[in-house]
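All remarks here apply to the structure that follows.
Because only heavy atoms are used, hydrogens play no part in the values below, and waters and symmetry mates are left out as well, while side chains stay in. A quick note: this is a predicted structure, and the numbers were derived from the prediction, not measured.
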Amino acid sequence: MEYSIAIILVALLQFIFFTGRTGFSRSKYDIKAPKTTGNERWEIIYRIQQNTMEQLVIFIPAMLIFSIYVSKTWVVLPGILFIIGRHIYSRLYLEGPEHRGPGMVLSMFTNIVLVVGSLIGVGLKLLG
């Protein structure tokens, strides 16, 4: 379980970075709270943060459940791929919104693997 917790903490650090970047960029792009529009570059930074938060809602519980019911070791692979996917998503989205696909697909795929794997693991436990 320590592997999954460590990976979740790294993912949360990544999210803290995205959140900080969003907040600090408000003054750079003159986006006064509570506005969330007004500068396309800032809106991209904001969408990166918001989409990552949306993905974390799936990622965190799925990591823990997968770790408990499937494998404490194999949880590392989708966990690391999720973090890499979020990094790729951020980098490519900053280059242009039309480029964000590969990072989004990678992080969504890892979430699907974690959720489906967890569901199978829990199902087998219930049957056994």
ask   = Do V122 and W74 share a hydrophobic cluster, counting only Ile, Leu, Val, Met, Phe, Trp and Tyr and linking them when any side-chain heavy atoms are less than 4.5 Å apart?
value = yes
query = So does E40 have more than 12 non-hydrogen atoms from other groups sitting under 6.0 Å from CD?
reply = no
inquiry  = Suppose we screen for ring-ring contact (aromatic ring centres under 6.0 Å, His included). Which residues come up paired with Y93, at least two apart in sequence or across chains?
reply    = Y89
task = Give the cluster check for I112 versus L119: same hydrophobic cluster or not, with ILVMFWY residues linked at side-chain heavy-atom distances below 4.5 Å.
result = no
query = What closest approach, in Å, do K72 and Y3 show between heavy atoms, and which atom pair accounts for it?
reply = O-CD1, 3.2 Å
query = Quick one: does D30's side chain get under 4.5 Å of W42's, heavy atoms only?
reply = no
remark   = Between the CG atom in L81 and the CG atom in L77, the distance rounded to the nearest 0.5 Å is 4.5 Å
Hphob cluster co-occupancy, L9 + I80, side-chain heavy atoms under 4.5 angstrom = yes
note = Residues S4 and V75: closest non-hydrogen pair is CB-CG1, 3.9 Å
inquiry  = Counting neighbours of OH on Y29 that are heavy atoms of other residues, nucleotides or ligands and sit closer than 6.0 Å, is the number greater than 12?
reply    = yes
ask   = Have N51 and R86 got a donor and an acceptor in their side chains that come within less than 3.5 Å?
value = yes
request  = Please answer whether the main-chain N or O of M63 pairs with a side-chain N or O of S67 as donor and acceptor at a distance below 3.5 Å.
outcome  = no
inquiry  = Quick check: do L114 and N111 have side-chain heavy atoms less than 4.5 Å from each other?
reply    = yes
task = Kindly indicate, with the supporting measurements, whether the criterion side chain to side chain contact (heavy atoms under 4.5 Å, CB included) is fulfilled by E43 and T36.
result = CA-CA 7 Å; E43 290 172 24; T36 58; over 6 Å; no
Side-chain donor-acceptor contact under 3.5 Å, R21 with S90 = yes
inquiry  = Under 4.5 Å between side-chain heavy atoms, counting indirect links through other Ile/Leu/Val/Met/Phe/Trp/Tyr residues: same cluster for V115 and V113 or not?
reply    = no
ask   = Can you name the side-chain contact (heavy atoms from CB on, under 4.5 Å) partners of M108, sequence neighbours left out?
value = Q55, M104
message = Rounded to the nearest 0.5 Å, what separates atom CZ in R91 from atom CD1 in I48?
response = 10.5 Å
inquiry  = Has R26 got a side-chain atom pairing as donor or acceptor with G23's backbone, closer than 3.5 angstrom?
reply    = no
request  = Determine yes or no for a side-chain-to-main-chain donor-acceptor pair under 3.5 angstrom, with Q49 supplying the side chain and F15 the backbone.
outcome  = no
Shortest non-hydrogen contact between I65 and S118, atoms and distance = CG2-CB, 3.4 Å
inquiry  = What I'd like to find out is whether the side chain of T19 reaches to under 4.5 Å of the side chain of M53, using heavy atoms alone.
reply    = no
key: Test item: T37 and I31 side chains (from C-beta on) under 4.5 Å apart, heavy atoms   = no
ask   = Taking C-beta and beyond as the side chain, do L12 and I60 meet within less than 4.5 Å on heavy atoms?
value = yes
query = Quick one: does E95's side chain get under 4.5 Å of L92's, heavy atoms only?
reply = yes
ask   = Could you go step by step and tell me if L56 and F82 meet the side chain to side chain contact (heavy atoms under 4.5 Å, CB included) rule?
value = CA-CA 10 Å; L56 283 170; F82 176 85; 4.0 Å; yes
message = Is the shortest side-chain heavy-atom distance between I120 and V70 below 4.5 Å?
response = no
ask   = Roughly how far apart are L106 CG and H87 NE2, rounded to 0.5 Å?
value = 12.0 Å
inquiry  = According to a hydrophobic-cluster definition based on side-chain heavy atoms being under 4.5 Å apart (Ile, Leu, Val, Met, Phe, Trp, Tyr only), do I88 and I7 belong together?
reply    = yes
query = Under 6.0 Å from the CD atom of E54, do we count more than 12 heavy atoms belonging to anything else shown?
reply = yes
message = Less than 4.5 Å apart, side chain to side chain, heavy atoms only: is that true for I45 and L94?
response = yes
